[in-house]
Amino acid sequence: MTLDVAIIGSGFGGLGAAVRLRQAGITNFSIFERASEVGGTWHENTYPGCRCDVKSTLYSFSFAPNPSWSNTYSYQPEIFAYLRNIANEYQLREVIKFEDEVLDISFDSTSRLWRITTQHGVAEARHVILAAGGLAEPRLPDIEGIESFAGPIMHTAKWRDDVVLDDKRVAVIGTGASAIQVIPQIAASVRHLSILQRTPPWILPHMGHAVRKRTQLLFRFIPFSQQLNRFYVYWRNELMVLGFVKDPSKMKIAEQQSRLFLESQITDPQLRESLTPHYRLGCKRVLISNDYYPSLRRDNVALVTSPITGIEPEGVRTSDGTLHKVDVLISATGFYVTDNPIGERVHGARGEALATAFRGTMSNYRGTMFPDFPNLFMLGGPNTALGHSSIVFMLESQLNYVVEALKKALRQNALIEPTQSAADEWTAMLQSKLPSTVWGTGCASWYLNERGINTTIWPDFTFRFRKATRHFQLRDHHVTR
Ligand code: NAP
């Protein structure tokens, strides 16, 4: 049977799409999920301390508020449970094909259908919603000799509970969002911890706290109170755009706050200097933590700033000649984002791979559609990620557009794709804005592709993206019946 829609992935994007399709009366769809459970990145990342740095009242679907969040910034188990509940409540499990990884998605111009080749067979669909996620493919560092390491190596996104860390010598490579969450959790129990830092992150105090029972009751019995809270959190976050986008020099205020925070937590002047960033705050993702710096004060923890030159069976060698002997290596080195391998598996009407969109050589339309990729929609597409607010808001914005376009295409049995000029105009608009933002101030970040082009971040207020995706704009598309 030909599907009306094939959804790829069952994280926030895929589940949100499924709910919205059902609400629109579109029921002939399947979700292809390579894992054995829903949740995407929140299923995969189970390292100790894993937590979202966006407040939960905003980092959740507008149509499914959760009055029971136990912390203002939830930990992974609760977010994962939230997504499992969505799958159960909306009876989505019946349409999910678990453990069925997508190997290829190609448009067949003769049948005018998308052919989806998975581990277990081939499916055909009139439309594809690609919701595979931007932080889905863990990146191990490309360090000489890594394969020779004698002990276990684990990436934070592939945490292994069977690897014992207690009383072991452990090294963590990286000091990004994942590293600063996991380090405080393991520092006390390991024998020795070497933290291999390449670039110090900017860190601000974490304002998270447990949600009181009476607030949960208020949210449950007066849902409007939680909506008000969400509204407040949303607008507070939007204010940050003034610094991130409009005038990056404003970030000096937050830099000063971060320096004072560092000074209050680290007294050793040399360690303080090693932890002080020398790039504009916001250029890389801003981190929040109250327990990362204190964990560096421990006697069994060492911050290593000499660059890594190689990995040997016994440990990590740095450029000062030291061999840091370790039993376990933890790689907190992030993800393939602009070079996400899924992009190489999706081919449009002319055979071109979707990966080109992230290389910055193919235009996109509102981060969601691409010329020559008829009836294919990408959630979390180019320049839809955020440095200041909730990606769920962006996904829901995209879904407004996707559902309208899909209804039109299904009603008319049509192929819809953006015109080249509309896509070029959108992409040029973004790329003209980005250089003057904080992300263009000259640091190396995962927001930039290998050519230094920012194909990940949305450089504006999120309400502008919501407006741009509110309705399907017929004039910007070719509709072929
Ligand atoms: P990341 O931000 O990309 O950090 C990777 C770290 O590894 C950086 O410190 C990087 O150093 C270092 N690194 C990479 N390759 C290296 C190498 N070959 N040698 C030495 N160091 C190397 O990755 P992440 O911490 O997993 O976070 C990725 C994204 O996931 C975040 O930005 C965020 O969007 C999301 N996340 C969010 C949360 C949350 O609280 N919501 C938690 C975890 C992750 P350089 O800085 O020098 O490149």
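Note that these values count all heavy atoms, side chains included, but never hydrogens, waters or copies made by symmetry. Whatever order the structure lists them in is the order used to number ligands and atoms, beginning at 1. Along the sequence shown, residues are numbered consecutively beginning with 1.
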Note: ligand 1 atoms sitting under 4.0 Å from heavy atoms of Thr199 are 45 (P), 46 (O), 47 (O)
The atoms of ligand 1 lying under 4.0 Å from a heavy atom of Tyr47, numbered in the order shown, are 42 (C), 43 (C)
Closest protein heavy atom to [atom], given as residue, atom name and distance to 0.1 Å:
atom                    : answer
atom 35 (C) of ligand 1 : Leu135 CD1, 3.6 Å
atom 39 (C) of ligand 1 : Arg51 O, 3.1 Å
atom 33 (C) of ligand 1 : Arg285 CD, 3.4 Å
atom 24 (P) of ligand 1 : Ser178 OG, 3.4 Å
atom 46 (O) of ligand 1 : Lys284 NZ, 2.7 Å
atom 3 (O) of ligand 1  : Trp446 CD1, 3.4 Å
atom 20 (C) of ligand 1 : Ile173 CG2, 3.6 Å
atom 23 (O) of ligand 1 : Gly334 CA, 3.1 Å

Does ligand 1 have an atom under 4.0 Å from some heavy atom of [X]?
X      : answer
Tyr447 : no
Thr156 : no
Gln197 : no

Any salt bridge between [X] and [Y], counting N to O under 4.0 Å?
X      : Y      : value
Asp104 : Arg345 : no
Glu312 : Lys325 : no
Lys158 : Glu44  : yes
Lys252 : Asp247 : no
Arg259 : Glu263 : no

Closest to [atom] (judged by heavy-atom distance), picking from [options]:
atom                    : options                        : value
atom 16 (C) of ligand 1 : Arg139, Gln181, Arg198         : Arg198
atom 37 (C) of ligand 1 : Ala177, Cys52, Gly387, Gly176  : Ala177
atom 5 (C) of ligand 1  : Ala332, Gly174, Ser390         : Ala332
atom 18 (N) of ligand 1 : Cys443, Ser289, Ser331, Pro141 : Pro141

Notebook entry, point to check: Honestly, is Arg466 close enough over Phe393, meaning NZ or CZ under 6.0 Å from the six-membered ring centre and within 45° of the axis?
Noted result: yes
Against the six-membered ring of Phe80, is Arg84 placed for a cation-pi contact (under 6.0 Å from the centre, within 45° of the normal)? yes
- Query: Is a side-chain N or O of Glu144 found less than 3.5 angstrom from the main chain of Ile311, in a donor-acceptor match?
  - Reply: no
Please check: side-chain N/O of Arg451 versus main-chain N/O of Arg359, any donor-acceptor pairing under 3.5 Å? yes
Check this for me: Glu238, atom CD, are more than 12 non-hydrogen atoms of other residues, nucleotides or ligands nearer than 6.0 Å? yes
Item checked: Test side chain to side chain donor-acceptor pair (under 3.5 Å) applied to Ser74 and Ser56, step by step -> CA-CA 6 Å; Ser74 294; Ser56 296; 2.6 Å; yes
For Asp53, the salt bridge (charged side-chain N to carboxylate O under 4.0 Å, His left out) test, sequence neighbours excluded, returns Arg285
Within the 4.0 Å heavy-atom cut-off, what Thr175 brings close to ligand 1 is both
I want to know if ligand 1 touches Trp42 in the polar sense, i.e. an N/O pair below 3.5 angstrom.
no
